[in-house]
Amino acid sequence: MRIATWNVNSLRSRIDRVEAFLERHDIDVLALQETKAREDQLPLMGLQGRGYEVAAAGTNQWNGVAIISRVGLEDVQVGFDAMPGFGDPVAAEARAIGAVCGGVRLWSLYVPNGRKVDDPHYAYKLAWLGALREAARNWLGEDTALVGDWNIAPLDEDVFDIAQFRTSTHVTAPERAAFQAFLEDGYAEVTRAHAPGYTYWDYYRQRFERDRGLKIDFVLGSPSFASRVTGAFIDRDERAGAGASDHAPVVVELD
DNA sequence: ATGGTTGCTCGGCAA
């Protein structure tokens with residue numbers, strides 16, 4: 001089974017690329033973030049025609065998560081227990097969607113960005129991660145994958161120029177501790193060992209062309225899930241050319 | 001410190 005995660009930055013503007021990506025890599029389950037579409041706006045025909053089911057939560061503007069699966073899509077859950085909100089409750093709900101696909105409980109996650117360290121959104125980010133951790137502890141005994149845009153660069157080497165991020169979110173000690181807490185609980189990040197390199201490059205200043213990016217998209221697996229992982233890769237080519245998302249998809253291969 | 005780009009929508013915000 002092949003599972004992928006991709007911050008697609010608008011599903012409607014990227015649908016042709018999404019369908020081509022699914023075919024190119026023979027993907028069974030795709031977790032999307034920043035779909036920027038309400039459920040009634042989803043472009044479904046090409047996906048359903050290829051045998052995929054879709055579950056989504058989102059607004060027309062920001063955030064938005066979805067799961068696309070051709071190996072079953074059951075027990076769909078929008079948000080997790082005690083998930084905190086920020087402003088628009090619909091936008092808050094559009095940060096986490098879970099479903100059982102091919103026997104795996106998969107969560108597509110769009111961790112709050114945090115904006116600035118002194119912004120209330122940063123405190124919300126940490127609270128959100130804390131609530132996710134509490135919920136996720138209960139899923140360690142199953143085949144569970146927490147996938148998506150974590151908006152955290154766990155290591156200095158995950159940032160093209162760490163000095164430039166001295167006052168920025170994504171690299172602060174509390175954010176990195178929040179990420180590490182999942183690993184301490186027993187989750188394993190399963191992509192890094194197989195797939196080095198960045199997953200996100202800003203649109204401006206030709207960041208992709210100069211490979212000045214961040215590694216912020218991850219797949220955290222419960223012990224039984226992690227033991228099934230045989231490989232992973234970052235589809236860097238998908239980030240190239242006109243009309244690309246600012247994130248590349250990350251693909252995980254399972255036994 | 002600022003600006004650079006893209007998306008959703010057509011002003012301004014979020015990333």
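In what follows, chains are A, B, ... by sequence order, proteins preceding strands, each numbered from 1. Quick note: numbers below take in every heavy atom, side chains included, and nothing from hydrogens, waters or symmetry partners. Computed from a prediction, not measured in an experiment: that's the story for all the values here.
Note: Phe86(A) and His121(A) meet the aromatic proximity criterion, with ring centroids under 6.0 Å apart. Residues Trp128(A) and Phe80(A) bring their aromatic ring centres within 6.0 Å. The ring of Phe218(A) has its center closer than 6.0 angstrom to the ring center of Phe179(A). For Trp150(A) and Phe182(A), the distance between ring centers is under 6.0 angstrom.
Among the atoms of the strands shown, none is found under 4.0 Å from any heavy atom of Tyr200(A). The residue Gln206(A) sits apart from the nucleic acid: no heavy atom pair falls under 4.0 Å.
Contact annotation: Arg14(A) side-chain N/O to dG7(B) OP1/OP2 distance is under 4.0 Å. At the phosphate of dA15(B), OP1 or OP2 sits under 4.0 Å from a side-chain N or O atom of Arg115(A).
Taking every side-chain heavy atom of Arg205(A) into account, dG4(B) is the closest of dC8(B), dG4(B), dC13(B). Side-chain proximity of Lys36(A) to the nucleotides dG4(B), dC8(B), dA15(B) is greatest for dC8(B). Distance from the side chain of Tyr204(A) is smallest for dT5(B) among the nucleotides dA15(B), dG7(B), dT5(B). Across dC8(B), dA15(B), dT6(B), the shortest atom-to-atom separation from the side chain of Asn113(A) is found for dA15(B). Here dG7(B) is the nucleotide among dA15(B), dG7(B), dT5(B) with the atom lying nearest to any side-chain atom of Ser10(A).
To the nearest angstrom, C1' of dA15(B) lies 12 Å from NZ of Lys125(A). Whole-Å rounding puts the Arg38(A) CZ to dC8(B) C1' distance at 11 Å. Distance, Asn9(A) CG to dG7(B) P: 6 Å, rounded to whole Å. Rounding to whole angstrom units, OH of residue Tyr203(A) and P of dC13(B) are separated by 21 Å. Remark: C1' of dA14(B) and NE2 of His121(A) are 9 Å apart, rounded to the nearest angstrom. Taking atom CZ of residue Arg95(A) and atom C1' of nucleotide dA15(B), one finds them 11 Å apart after rounding to whole Å. Put simply, NE2 on His247(A) is 15 Å from P on dT6(B), counting in whole angstrom units. Rounded to whole Å, atom C1' of dG7(B) lies 14 Å from atom CG of Asp202(A).
Mapping Gln41(A) and Arg207(A) onto DNA chain B by nearest heavy atom places Arg207(A) at the nucleotide closer to the 5' end. Both Glu34(A) and Leu11(A) sit near DNA chain B, but only Leu11(A) has its closest nucleotide nearer the 5' end.
Comparing dA1(B) with dG12(B), their P atoms are spaced 26 Å from each other, to the whole Å. dA14(B) sits 15 Å from dC10(B) when the P atoms are compared, rounded to a whole Å. Annotation: dT2(B) and dT6(B) have their P atoms spaced 23 Å apart (nearest Å).
Between Tyr200(A) and His247(A), the ring planes are tilted. Angles from 30° to 60° get that label.
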* Asked: Should Asp158(A) and Lys215(A) be marked as a salt bridge (charged side-chain N to carboxylate O under 4.0 Å, His left out) after you check the CA-CA gap, both sets of side-chain angles, and the distance that decides it?
  -> CA-CA 5 Å; Asp158(A) 296 334; Lys215(A) 194 177 189 66; 5.8 Å; no
